[in-house]
Amino acid sequence: SPPGGDGRGLADLAPVDLIGSGMREQTAALAATHGIAGYGKALAHLDALTTAYVADTFHRLGWSPAAGGTFDADALATDLGIVASQRRLLRRFLEMLEEDGVLRSSAGNWQVLRELPTPDLRALAEGARRHQSAAYELTLASRCGEQLLKVLKGEVEPPSWPAVVPRDRVPPVPRPR
């Protein structure tokens, strides 16, 4: 009998494989009920949309690096007029482009592996609208993405969490202008 004193021993417990299969069935049912599979697809769209806003911002700043070129992040920030308080954000944007195979960090510099994509923000936003399971996240990404250039230039403060619309009043994903 276990220390709990309820009279049941290990032999009275359900077999592990039975517990596991029951959990799999319940997990699948809950995932279907709450649209979890759709949420995974929505996250892929969210990733593509946020990277597209980064690429679009670089293009609007006048930066279109050629494949094979190299650059220093601090020199790039200076050349593009990015304020000192947003240099860490610039580095994160460069890392995002590295994750997508556009750039590679090497010995303190960056190498351009392929041309910076020219995204179709309207098409990406339309695709994102099909994923209502992540409407909140996609709306936030679109609102912030539209302001990236101004944030990097120090013209506006980055959006803050208190300014985010409550979940019960999430508007549809806006169309890029």
Side-chain angles (χ1 to χ4, degrees), residues 35-165 167 170-177:
I36 300 301
Y39 191 74
K41 292 176 185 173
L43 290 180
H45 271 274
L46 179 63
D47 186 48
L49 184 62
T50 54
T51 303
Y53 273 113
V54 168
D56 179 68
T57 298
F58 281 130
H59 283 295
R60 292 185 333 176
L61 284 166
W63 188 58
S64 297
T70 59
F71 65 93
D72 173 77
D74 290 327
L76 177 65
T78 300
D79 292 346
L80 298 179
I82 296 172
V83 295
S85 63
Q86 299 305 326
R87 302 245 170 139
R88 194 170 100 188
L89 181 60
L90 169 68
R91 281 186 175 73
R92 177 61 191 126
F93 290 166
L94 297 175
E95 291 168 359
M96 290 170 69
L97 293 174
E98 182 176 36
E99 291 165 9
D100 281 6
V102 175
L103 303 175
R104 180 174 52 217
S105 178
S106 176
N109 284 319
W110 290 88
Q111 180 181 9
V112 182
L113 301 178
R114 62 182 175 90
E115 189 175 302
L116 189 64
T118 303
D120 182 347
L121 292 174
R122 287 183 193 272
L124 283 167
E126 287 300 323
R129 269 189 206 44
R130 289 186 289 241
H131 300 285
Q132 288 304 307
S133 60
Y136 185 72
E137 293 87 342
L138 292 162
T139 297
L140 180 62
S142 293
R143 286 183 177 173
C144 293
E146 291 173 357
Q147 298 297 314
L148 289 181
L149 186 137
K150 290 180 180 179
V151 168
L152 290 174
K153 292 281 199 175
E155 297 170 7
V156 297
E157 287 296 314
S160 61
W161 283 110
V164 176
V165 178
R167 269 194 188 270
V170 175
V173 177
R175 295 176 184 208
R177 295 177 200 146

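These numbers come from the heavy atoms of this one structure, side chains and all, not from hydrogens, waters or symmetry mates. For the single chain, residues carry numbers from 1 onward in sequence order. Just so you know, these numbers come straight off a predicted model, no measurement behind them.
Counting heavy-atom neighbours within 6.0 Å of Glu95 CD, excluding the residue itself, gives a total above 12.
From Tyr53, atom OH reaches atom CG of Leu49 across 5.0 Å, with rounding to the nearest 0.5 Å. Annotation: the span from Met96 atom CE to Leu94 atom CG amounts to 10.5 Å, rounded to 0.5 Å.
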Give the table of side-chain donor-acceptor pairs shorter than 3.5 Å for residues 103-112, with sequence neighbours excluded, one pair per line with atom names and distance.
unit_1, atom_1, unit_2, atom_2, d
Arg104, NH2, Gln111, OE1, 2.7

Using atom types as modelled, flag every donor-acceptor pair under 3.5 Å from a side chain in residues 75-87 to any protein atom, sequence neighbours excluded.
unit_1, atom_1, unit_2, atom_2, d
Thr78, OG1, Asp74, O, 3.1
Arg87, NE, Ile82, O, 3.3
Arg87, NH2, Ile82, O, 3.3

Please tabulate, for the side chains in residues 58-68, all donor-acceptor contacts under 3.5 angstrom to protein atoms that are two or more places apart in sequence or on a different chain.
unit_1, atom_1, unit_2, atom_2, d
His59, ND1, Ser64, OG, 3.1
His59, NE2, Pro117, O, 2.9

task = In sequence, state the C-alpha distance, the side-chain angles, and the governing distance for Glu98 and Arg92, and then conclude on salt bridge (charged side-chain N to carboxylate O under 4.0 Å, His left out).
result = CA-CA 10 Å; Glu98 182 176 36; Arg92 177 61 191 126; over 6 Å; no
request  = Given side-chain contact (heavy atoms from CB on, under 4.5 Å), test Val102 with Leu113 step by step and report yes or no.
outcome  = CA-CA 5 Å; Val102 175; Leu113 301 178; over 6 Å; no
key: Trace of the side-chain contact (heavy atoms from CB on, under 4.5 Å) decision for Asp47 with Thr51   = CA-CA 6 Å; Asp47 186 48; Thr51 303; 4.2 Å; yes
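The heavy-atom pair separating Ala55 from Leu116 by the smallest distance is O-CD2, 4.0 Å. Counting all heavy atoms, side chain and backbone alike, Asp100 lies closest to Arg114 at O-NH2, 2.8 Å. Nearest heavy-atom pair, Thr57 versus Gly145, reported as atom, atom and distance to 0.1 Å: OG1-O, 4.4 Å.
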